[in-house]
Each structure stands twice: as structure tokens, then as C-alpha cells.
Amino acid sequence: MKEKILVTGGTGYIGSHTTVELINNGFEVVIIDNLSNSREDVLEGIKKITGTKPEFAKFDLCDTDQVENFFKKHQDIKAIIHFAASKAVGESVEKPLLYYRNNLQSLANILEMMGKYHIPNIAFSSSCTVYGQPEKLPVTEQSPILPAESPYGNTKQICEEILRDTLHSNDELNAISLRYFNPVGAHESAVIGELPLGIPNNLIPFITQTAAGMRKELSVFGHDYNTPDGTAVRDYIHVVDLAKAHVVAVERMINERQKAHYEVFNLGTGNGFTVLEVIKAFESSTGVKLNYKIVDRRAGDIEQVWADTTFANEELGWKAELDIRTMMASAWKWQQYLLENKEKYFD
Ligand code: UD1
């Protein structure tokens, strides 16, 4: 019998790629998503790649009655991967209560059900944003957590605390927080990928939309950072590598290989790239020239961050394999797929 994994936010960017990897590794997946930032036809993309369309329940995880109904019917879930959350930094500053309610209430509801129905394992989507601008690079899981720059970042910190406290109170439960660095790229089939609503905030969707002629030019935020070429440095990780780490994390919990009830892992490549290096990698791997200009720093941006991935490499036996050129080429292939299906995606 296949083991059943609940993926919340499973039609989203990282959730859909993780669902593919779970199915390819023999798991049965059931998805909960309210489709607030994704589309139901992602399920068709997942089916195209894996041959399996996962079971799908559309509701909001803040709706306690629906959550209860769902778990009553799915008591055989072996582990939960909790992606569902609001994730736009700027919007979180405008609408903090929306972020606190969505991101905290949903986790609290899930943890309550895990206790009630004896579902022991949860992997949580955290972020390197919890480190702020670290004093020492690369950052390890022991690097200090700095006061959050935004309500979004704060929800990630608080959710980690909610997990830690809940696990203290119930030793039947296990959790792994996965702190993502900058997930980019798309599945090689280019039938699933990142689908930003409106004008993208993140670098790679902005690059691919500029290359596709949908945006006039890319603004490079800041040229006076203390980095090799003055632009900010991030640890970009291919979303498929990231997705694979979730499968390993779930297997670790199900097979009781954890060293502690609560563990935290950095998920990055361990390599930092400047914005200009990313642009060059995009141009050389796709052959498409990018129209860009240097502008002022973006408020709230940090100068540089990249991961020490030793703990994930050694303990999870996982390592990111795909390089920056592969990330860019796959993001571009996905953007072309979107353009070919314009009437469906851009109305
Ligand atoms: C952002 C969030 C982070 C969140 C992550 C999710 C901020 C301040 N941080 O990370 O909390 O976890 O997204 O994916 O929003 N850049 C440009 N031009 C652009 C867009 C970006 O130069 O049009 C630069 C940024 O200044 C940054 C780098 O590209 O140096 C990456 O930016 P982005 O993709 O937005 O990610 P983060 O800011 O690292």
C-alpha cells in the first residue's frame, strides 16, 4: 500500500514540484489548496508528468470546520508537507493581519488535527529570511535568528516557534523545518512552474517576462553593495532539487531516522550569485539578451546571503545538483510554454 502524504498548497510553485517528486517516489498525494495564488489545472500538469492526478480538496485551511471534516476522512495520512501560506513581502506590510491570520491560523489548525488524529509528521516551509542579514557567511542552522523585516518574515519565525512549542507538549509529533534560500526554475517538462500574479516581485520571473517582451526592462536593485560587482548576492536553488529534499525529509520522519523530534535544515546550493551574474547566466544559457538598468536599492533587501548546506548534505543525504544555467534555461522554457498558452494564462 502506498503511504499517503498531505501536501497543503500543492497546486502552488514549490508544492506542485514536490507533489511530482512524491508521486515519482511511490507516495500517494492528497492536496489541499484554496487556489488563492494558483490554478486547478496545475493538477493536469502533474498528471502529464507522473501519469497520476492527485486527489484534490479545495478549501481554506483557516476554515476550522472544513479542516476537521477533511481530517476525519483522511486519518491514514502518514505525513504533511505544509506549503500553503501567503508569501508576498510587500503585501504583508500592507495587510499584516491577513498574513498573521492565514499563515499562523492554518498551521495551528493542522497541528491540532495532527494531535487529535495521531498524524505524527510534518515538514514546514520556512525561509532563509529568518536569518536577516547574517554577520557570518555562509549561514548555518545555528546562525542567529534576527528580528523580522516584514510581517511575512515574522510569520515564518513564529510558525517555527509554534512547531517547537507544540512538539514540546506532545512527543508523538515530529517536525522538520526547511529553510529555503531562493527557489527558481521549473520542471524540465515545462508543464509546471512559477505562476506569479500580476507584476512579479521576484528576480527570475521578472527576468523571463522581460526576455519575453512582457516587461520593458529589468531593474537591478542596487549597485553599491559590498559584493564582487556591487549587486546583491543570493543562493538560488532549482525548485526540483528543493522538491527532492522534501521527499527525503518525509522519508526521514516516516522511517524514524530523526535525531530529534524537531529538526531544521537549510536548503540551498551553498553558492552565492550576484544579480549581474544571474543575468549573464540567463543570457548565456538561453541566447536571449536582457534589457536591464541599474537603479537604487530596494527597501528591505539584504546585501548577501548563502547557505552552509553541510547539515542537510550529511544528515539528509541530499545535495542540490542543478546549476544556475540549468535553472535559467528551465525558467525560460516554462516562460515560453506560458506564452504559447497565452489565452489561458494571461487574460
Ligand atoms: C524575497 C523575499 C523573501 C522571500 C523570497 C521568496 C524580499 C525582501 N524578500 O527574497 O523574504 O522568502 O523572496 O521567494 O522581498 N532583484 C532585482 N530586480 C528585480 C527583482 C529582484 O534586482 O526586479 C534583486 C533583489 O534586489 C535581490 C535578488 O534580485 O537582490 C533576488 O530578489 P528576489 O527574487 O525578490 O528574492 P529575495 O529578495 O532574495
Side-chain angles (χ1 to χ4, degrees), residues 2-35 37-38 42-43 46 49-50 52 54-61 67 70-71 74-87 102-104 106-114 117 119-127 155-156 159-160 162-163 166-167 173-180 183 187 192 194 237 239-258 261-267 312 316 318:
K2 288 185 176 182
E3 283 167 316
K4 193 190 275 189
I5 311 295
L6 166 62
V7 179
T8 75
T11 52
Y13 175 42
I14 308 173
S16 57
H17 287 83
T18 300
T19 297
V20 165
E21 297 304 319
L22 286 166
I23 294 172
N24 285 345
N25 279 278
F27 290 100
E28 180 186 342
V29 175
V30 48
I31 289 174
I32 299 175
D33 203 302
N34 66 358
L35 301 179
N37 192 21
S38 61
V42 168
L43 300 169
I46 293 169
I49 300 169
T50 63
T52 305
E55 185 182 336
F56 173 58
K58 179 179 178 256
F59 65 88
D60 194 315
L61 284 158
V67 172
F70 175 88
F71 277 94
H74 291 87
Q75 295 180 33
D76 54 342
I77 289 169
K78 288 284 179 298
I80 299 170
I81 308 183
H82 181 42
F83 293 103
S86 301
K87 64 171 186 181
N102 279 352
N103 295 3
L104 307 187
S106 57
L107 178 63
N109 285 348
I110 289 170
L111 287 169
E112 202 171 333
M113 293 299 111
M114 288 174 70
Y117 294 109
I119 297 169
N121 305 309
I122 180 166
F124 173 67
S125 284
S126 189
S127 166
T155 67
K156 291 295 172 193
C159 282
E160 287 198 10
I162 291 176
L163 281 168
T166 309
L167 265 63
L173 300 183
N174 306 299
I176 293 182
S177 282
L178 299 170
R179 292 182 182 155
Y180 313 150
H187 191 266
I192 57 171
E194 189 169 10
I237 173 169
V239 67
V240 171
D241 275 332
L242 192 66
K244 287 178 178 167
H246 290 76
V247 177
V248 177
V250 156
E251 286 171 341
R252 180 178 174 88
M253 288 188 285
I254 291 178
N255 298 323
E256 297 176 12
R257 289 200 302 263
Q258 280 188 293
H261 284 294
Y262 181 57
E263 294 177 320
V264 176
F265 294 97
N266 281 345
L267 297 181
L316 294 178
W318 164 92

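Every heavy atom of this structure was used, including side-chain atoms; hydrogens, water molecules and symmetry mates were not.
A distance of 10.5 Å separates OG1 of Thr52 from CD1 of Ile46, quoted to the nearest 0.5 Å. Here the CG-CG distance, from Leu242 to Leu267, works out to 5.5 Å after rounding to the nearest 0.5 Å. The CG atom of Leu43 sits 11.0 Å away from atom CD of Glu55, with the distance rounded to the nearest 0.5 Å. Taken from CD1 in Ile14 to CD1 in Ile81, the straight-line distance is 11.5 Å, to the nearest 0.5 Å. Atom CG of Leu6 sits about 4.5 Å away from atom CD1 of Ile77, to the nearest 0.5 Å. Atom CZ in Arg252 sits 10.5 Å away from atom CG in Asn174 (nearest 0.5 Å).
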Next on the checklist: Using the rule given for side-chain contact (heavy atoms from CB on, under 4.5 Å), can you reason through Val42 versus Thr19, listing the C-alpha separation, both sets of side-chain angles and the distance that settles it, and then say yes or no?
Outcome noted: CA-CA 11 Å; Val42 168; Thr19 297; over 6 Å; no
Next on the checklist: Run Lys156 and Phe124 through side-chain contact (heavy atoms from CB on, under 4.5 Å) and show every step you take.
Outcome noted: CA-CA 9 Å; Lys156 291 295 172 193; Phe124 173 67; 4.1 Å; yes
Next on the checklist: Working note: Val67 + Phe59, criterion side-chain contact (heavy atoms from CB on, under 4.5 Å); need CA distance, chi angles, decisive distance, verdict.
Outcome noted: CA-CA 8 Å; Val67 172; Phe59 65 88; 3.9 Å; yes
Next on the checklist: Determine whether Tyr180 and His246 satisfy the following criterion, ring-ring contact (aromatic ring centres under 6.0 Å, His included), listing intermediate values before the conclusion.
Outcome noted: CA-CA 11 Å; Tyr180 313 150; His246 290 76; 5.4 Å; yes
Next on the checklist: Working note: Met113 + Ile80, criterion side-chain contact (heavy atoms from CB on, under 4.5 Å); need CA distance, chi angles, decisive distance, verdict.
Outcome noted: CA-CA 11 Å; Met113 293 299 111; Ile80 299 170; over 6 Å; no
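Considering all non-hydrogen atoms of both residues, Gly26 and Lys2 come closest at O-CG, 3.4 Å. For Leu178 against Ala249, the heavy-atom pair with the smallest separation is CD1-CB, 4.3 Å. Of all the heavy atoms in Ala79 and Val250, the pair that sits closest is CB-CG1, 4.2 Å. Annotation for Ser106 and Ala84: closest pair OG-O, 4.3 Å, computed over non-hydrogen atoms. The minimum heavy-atom distance linking Ala123 with Met253 is given by the pair N-CE, 3.8 Å. When all heavy atoms of Ile31 and Pro54 are compared, the closest pair comes out as CD1-CG, 3.8 Å.
Counting non-hydrogen atoms of neighbouring residues, nucleotides and ligands closer than 6.0 angstrom, the CD atom of Gln258 exceeds 12 such neighbours.
A side-chain donor-acceptor contact under 3.5 Å links His261 to the backbone of Leu173. Of the possible polar contacts, one joining the Asn103 side chain to the Ser86 backbone as a donor-acceptor pair under 3.5 Å is found. Formation of a donor-acceptor pair under 3.5 Å by the Asn109 side chain with backbone atoms of Leu61 is found in this model. With Asp33 contributing its side chain and Thr11 its backbone, the two residues share a donor-acceptor pair below 3.5 Å.
Using cut-offs of 30° and 60° on the angle between ring planes, the pair His74 and Phe70 is parallel.
Side-chain contact between Thr155 and Leu107 is absent, with no heavy atoms from C-beta onward closer than 4.5 Å. Phe71 is not listed as a side-chain neighbour of Glu112, based on a closest heavy-atom distance of 4.5 Å or more.
Ser126 and Ser177 share no donor-acceptor pair across their side chains, judged by distance under 3.5 Å alone.
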